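All of these numbers come straight from a predicted model, not from anything done at the bench. The chain is numbered in sequence order, starting from 1.
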Amino acid sequence: MPNLETRLIEIVRGVPTTMEVLRKVRDLQLPDGMIFSGAIYQPVWNHLTGRAPDYGIKDYDVAYHDASDTSYEAEDVVIQRVAAAFEPPLRDLVEVRNQARVHLWFEKKFGADEPYPPLENSAAALKRFVATAFCVGVRLEADDSLSVHAPFGLEDLFALHLRPNPLRVKGAGGWERTTGSARARWPEITVEGAS
């Protein structure tokens, strides 16, 4: 039986839109570029529950890390360059963020209930999502291999289990809203602490 990383790679390779985003991110040579969160864990849930590969995917989170210029203007140049690489409707679903500047706006946008220190690379952002199953990212390498980054492993993802990220402040980050949205689309998932 293949290990969970191998299974994840096989599932991701079977989703044409996810692979298209991965190819374009690689070909655009975004520094430390990867896609993560829903564009990765949701196809796994769809595979495990017999749904269409793109079911429930609201966006494709594209991360890159460029600490040389953390201005919004520099990020917007990259956002526009990535958008120009896609045709609608996918163009409207790709959300690009420079992980080197997230700490500048995160607390203001999401509330100051916990600090958000600067990130040293794109993969470091994976330690910040509210549930461990969400903390997974994938990069398409120059040789067409896929690199998986999952700081909490892949067990919760494949178990369809939402467990709070132990590195986050308890009760912070919209846990109820986030898990409620996931359960509405995938009622098969279990949520730790939910009745």
Side-chain angles (χ1 to χ4, degrees), residues 2-66 72 74-102 119 121-129 131 133-154 156-158 160 178 181-182 184-186 188-189:
N3 68 30
L4 296 181
E5 185 172 313
T6 301
R7 288 180 68 197
L8 173 70
I9 289 169
E10 289 170 355
I11 291 167
V12 168
R13 285 197 183 282
V15 185
T17 49
T18 301
M19 287 305 299
E20 179 181 349
V21 175
L22 282 164
R23 270 193 290 288
K24 294 218 173 161
V25 167
R26 181 201 51 199
D27 295 349
L28 289 168
Q29 299 180 346
L30 299 185
D32 197 26
M34 67 171 51
I35 68 172
F36 54 39
S37 198
I40 303 300
Y41 73 79
Q42 292 171 357
V44 172
W45 287 355
N46 290 336
H47 177 81
L48 296 173
T49 62
R51 290 179 171 85
D54 289 330
Y55 169 81
I57 298 176
K58 296 179 178 179
D59 56 38
Y60 294 83
D61 290 311
V62 173
Y64 74 99
H65 191 278
D66 182 1
Y72 172 75
E75 182 182 53
D76 192 51
V77 168
V78 176
I79 290 169
Q80 298 306 319
R81 188 166 68 102
V82 172
F86 291 95
E87 296 295 325
L90 196 51
R91 176 183 298 160
D92 300 325
L93 300 177
V94 174
E95 294 191 2
V96 181
R97 294 294 175 265
N98 181 1
Q99 300 305 301
R101 69 179 303 277
V102 174
L119 300 172
N121 55 45
S122 291
L126 297 170
K127 296 177 185 173
R128 305 294 306 155
F129 295 119
F134 298 168
C135 301
V136 58
V138 173
R139 174 180 294 120
L140 183 64
E141 304 292 353
D143 66 357
D144 281 340
S145 65
L146 290 175
S147 296
V148 175
H149 301 269
F152 301 105
L154 298 170
D156 286 346
L157 171 60
F158 279 90
L160 297 142
T178 303
S181 173
R185 288 176 282 160
W186 294 275
E188 299 89 346
I189 64 174

(message) Donor-acceptor pair, distance only, cut-off 3.5 Å: does the side chain of R26 make one with the backbone of L140?
(response) no
(request) Write down the atom of P31, the atom of Y64, and the distance for their closest heavy-atom approach. (result) O-CB, 3.2 Å
(message) Using side-chain heavy atoms (C-beta onward) and a distance below 4.5 Å, is W45 in contact with R185?
(response) no
(request) Using only heavy-atom distances, determine whether the side chains of T49 and Y55 contain a donor-acceptor pair under 3.5 Å. (result) no
(request) Can you measure from CG (N3) to CZ (R7) and round to the nearest 0.5 angstrom? (result) 10.0 Å
(message) How long is the straight-line distance from OG of S147 back to CD of E141, given to the nearest 0.5 Å?
(response) 3.5 Å
(request) Evaluate side-chain contact (heavy atoms from CB on, under 4.5 Å) for L146 paired with L22, printing each intermediate quantity in order. (result) CA-CA 9 Å; L146 290 175; L22 282 164; 3.9 Å; yes
(request) Give a yes or no on whether the backbone of A52 and the side-chain of N46 come within a donor-acceptor separation of less than 3.5 Å. (result) yes
(message) Rounded at 0.5 Å granularity, tell me how far CZ in F152 sits from CG in L157.
(response) 13.5 Å
(message) Could you report the tightest heavy-atom contact between W186 and R51, atom names first, then the distance?
(response) CD1-NH1, 3.7 Å
(message) Keeping S122 on the side-chain end and D32 on the backbone end, is there a donor-acceptor pair under 3.5 Å?
(response) yes
(message) If you define the side chain from C-beta out and look only at heavy atoms, does anything of L30 sit under 4.5 Å from R81?
(response) yes
(request) Mind checking the CG-CE spacing from D61 to M34? Nearest 0.5 Å is all I need. (result) 12.0 Å
(message) Let's go through T17 and Y60 carefully: what are the C-alpha distance in whole Å and the side-chain angles of both, what is the deciding distance for side-chain contact (heavy atoms from CB on, under 4.5 Å) to 0.1 Å, and is it a yes or a no?
(response) CA-CA 9 Å; T17 49; Y60 294 83; 2.9 Å; yes
(message) Using every non-hydrogen atom in the two residues, find where H149 and A123 come nearest and quote the distance to one decimal.
(response) ND1-CB, 4.1 Å
(message) Please evaluate residues Y41 and F36 with respect to the criterion ring pair (Phe, Tyr, Trp, His ring centres under 6.0 Å), reporting the C-alpha separation (whole Å), side-chain torsions for both, the decisive distance (0.1 Å), and the verdict.
(response) CA-CA 8 Å; Y41 73 79; F36 54 39; over 10 Å; no
(message) Return the CZ to CD1 distance between R139 and I35, rounded to the nearest 0.5 Å.
(response) 11.5 Å
(message) Could you check whether K58 pairs with E95 (Lys NZ or Arg NE/NH1/NH2 to Asp/Glu carboxylate O, under 4.0 Å)?
(response) no
(message) Please give me the minimum heavy-atom distance between Q42 and I57, naming the atom from each residue.
(response) OE1-CA, 3.2 Å
(message) If the threshold is 4.0 Å, N to carboxylate O, is there a salt bridge linking D66 and R101?
(response) no
(message) If we ignore hydrogens and angles and just use 3.5 Å, is the side chain of R97 paired with the main-chain N or O of A63 as donor and acceptor?
(response) no
(request) Provide the closest heavy-atom pair for V12 versus M19 in the form atom of the first, atom of the second, distance. (result) O-CG, 3.5 Å
(message) Walk me through whether V136 and L126 qualify under side-chain contact (heavy atoms from CB on, under 4.5 Å).
(response) CA-CA 6 Å; V136 58; L126 297 170; 5.6 Å; no
(message) Please give me the minimum heavy-atom distance between D59 and A39, naming the atom from each residue.
(response) O-CB, 4.1 Å
(message) So, taking the atom named CD1 in I189 and the one named CG in D156, what distance separates them when rounded to the nearest 0.5 Å?
(response) 11.5 Å
(request) Could you check if a side-chain atom of P53 sits within less than 4.5 angstrom of a side-chain atom of P43, using non-hydrogen atoms only? (result) no
(message) If you define the side chain from C-beta out and look only at heavy atoms, does anything of V25 sit under 4.5 Å from V82?
(response) no
(message) The test is side-chain contact (heavy atoms from CB on, under 4.5 Å); show your working for V78 and N98 and say whether it passes.
(response) CA-CA 9 Å; V78 176; N98 181 1; over 6 Å; no
(request) Taking the side chain as every heavy atom from C-beta outward, state whether V44 and L160 have any atom pair closer than 4.5 Å. (result) no
